[in-house]
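Scroll down for the structure; my scribbles are underneath it.
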Protein chains: 2
Amino acid sequence: MPEDAAPTPPGRPPTHPAPPARPQRQPQPQPPAMRADARRNHDRIVAVAGAVIAEHGAEASLEQIARHAGVGSATLHRHFPTRQALLETVFKGRVEALCAKAQDLLPDPDPAAALITWLRAVGAHAVANRGLGASLMQGARDADPALGSTCHAMIVDAGDALLARARQAHAVRPEVTTTQLLKLVSAIALATEREPDGAAEADRLLSLAIDGVRPR
Amino acid sequence: MPEDAAPTPPGRPPTHPAPPARPQRQPQPQPPAMRADARRNHDRIVAVAGAVIAEHGAEASLEQIARHAGVGSATLHRHFPTRQALLETVFKGRVEALCAKAQDLLPDPDPAAALITWLRAVGAHAVANRGLGASLMQGARDADPALGSTCHAMIVDAGDALLARARQAHAVRPEVTTTQLLKLVSAIALATEREPDGAAEADRLLSLAIDGVRPR
DNA sequence: ACGGTAACCGGAGGGCCACCCCGGTTGTCG
DNA sequence: CGACAACCGGGGTGGCCCTCCGGTTACCGT
């Protein structure tokens, strides 16, 4: 084995992390494809992790996930060197859906309403999939951009477009940033996600934060 | 040992949890005083826990606290059957200070400003003492009122007075509750408490939530 | 002053977890 | 079809939370 510190560390993230179905593509976008069994394990881990996390929250036991997926814990750690990496992969689909929703809302005639609708959707997803909010906020802190904070970057980009339009229409305070809004939504989700009726309470708190504490 | 399930479970909370120095007092407010060594250990654990939690956050290792206090982990668990109980004791002083501040702000001529000032103070304390916010929110979920949710009850009562005055002056939306406001503040603190400059960011987010996203 | 008693202490151990090492296995490519 | 490298996972390490139990010590009555 060459001992140079390649750009991909020993437990390298899968160079081909399973885009669900994309037959049309240039022949070799990424030369070193995964071995078949490796990919199979990877996908099973992601599937099981989604189920377990949905039920037990984001700090579910990694060993339990590995056991339930029928692989050794070492395999899980090889595929996902950190818990955050696993969460990013699991929530990738949800985040992509939210980004798509942002795109759909862009041509809305009322930019403020579009932004607020989207923030509500983000909040709803965050409380529904326990740990998504924490994952997004954690991604905001991760300095290393190469290692997995793609979810955070994606959703910030999507929100930026909506916020820019709303700001241009003077429908939001000019000093507000997308990161702040997402932090607010994530914080509310994180605080309410383990309450009996978290979704409703989260939506109420979000409305309060958007409209302000004072009346009119 | 009698096997009946007495109202106080085996690891009973200290009946005399160390009011720092109060020589003048009726002879027997609480008959079963703690033994001297027990109290000494109790106080040392609280002191050390305050320091460790301030540095490492609310989920610091209990064994580490016990080690650093020079007691066995069993002693810590006997004095504080749950982590929440320890946090409550550690943060009691801070919470009392916040309650006192609420009292001081009650006669303020501007009820809305008084409420907002107080919420800011709560937020500042929550980010400064890592874990206080989480502790307050956790207290809100604890169903058992006898076992330690006194901090939450105290601060809700203090906030209720301020909120009632503000509501009477039509300075806040009538449907807002104290619990919601505290949840909002705690959530923001929780989300920002481990950022490089959390205090400033928390204050900005709190302002945003109070004034609303839309301008004017 | 002193002994008896019960409250209290903390070392040791069990169960669970994240993470890593290394010999055996298996997919892949010439 | 055979060799090689990538990959697997059992087992070990260290840490955590929590509990049991034999030894210790403060307290109180005499």
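Residue numbers start from 1 in every chain, and the chains themselves are labelled A, B, ... in the order their sequence lines are given, proteins ahead of strands. Because the structure is predicted, anything quoted here is derived from the model rather than measured.
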> Hey, is the main chain of Gly131(A) close enough, under 3.5 Å, to the side chain of Glu193(A) for a donor-acceptor pair?
Replying inline: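 Judged by distance alone, yes, a pair lies under 3.5 Å.
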Quick check on [N]: is either OP1 or OP2 less than 4.0 Å from any side-chain nitrogen or oxygen of [X]?
| X | N | value |
| --- | --- | --- |
| Arg78(B) | dC8(C) | no |
| His79(B) | dC8(C) | no |
| Asn41(A) | dC7(D) | no |
| Arg44(B) | dC9(C) | no |
| Ser73(B) | dC17(D) | no |

>> I want to confirm an ordering. Mapping Leu62(A) and Ala74(A) to their closest nucleotides on DNA chain C, which one lands closer to the 5' end?
In response: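 It is Leu62(A) whose nearest nucleotide is closer to the 5' end.
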Selected nucleotide, minimal atom distance to [X] side chain, candidates [options]:
| X | options | result |
| --- | --- | --- |
| Arg35(A) | dT26(C), dT25(D), dC9(C) | dT26(C) |
| Arg67(B) | dA7(C), dT28(C), dC16(D) | dC16(D) |
| His77(B) | dG9(D), dC17(D), dA6(D) | dC17(D) |
| Gln64(B) | dA18(C), dC16(D), dC8(C) | dC16(D) |

> Atom CZ of Phe80(A) and atom P of dA18(C): how far apart are they, to the nearest Å?
Replying inline: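 Rounded to whole Å, this separation is 15 Å.
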> Nearest nucleotide by nearest heavy atom, which residue falls closer to the 5' end of DNA chain D, Ala38(A) or Arg83(B)?
Replying inline: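 It is Ala38(A) whose nearest nucleotide is closer to the 5' end.
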>> Can you say whether a donor on the side chain of Glu63(A) sits under 3.5 Å from an acceptor on the base of dC17(C), or the other way round?
In response: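 Donor-acceptor pair under 3.5 Å: no.
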> So, do His125(A) and Phe91(A) have ring centers that fall under 6.0 Å from each other?
Replying inline: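 Centroid distance His125(A)-Phe91(A): not below 6.0 Å, so no.
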>> Could you measure the distance from the CD1 atom of Ile116(A) to the CG atom of Leu105(A)? Nearest 0.5 Å is fine.
In response: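 Reported value, rounded in 0.5 Å steps: 11.5 Å.
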> Heavy-atom distance under 4.5 Å between the side chains of Val172(A) and Leu181(A), does that happen here?
Replying inline: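 The answer is no, as the side chains (C-beta and beyond) never meet within the 4.5 Å cut-off.
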>> For a quick check of understanding: with a heavy-atom distance under 4.0 Å over all strands, which category does Thr75(B) fall into, base, sugar-phosphate or nothing?
In response: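 Result for Thr75(B) = base.
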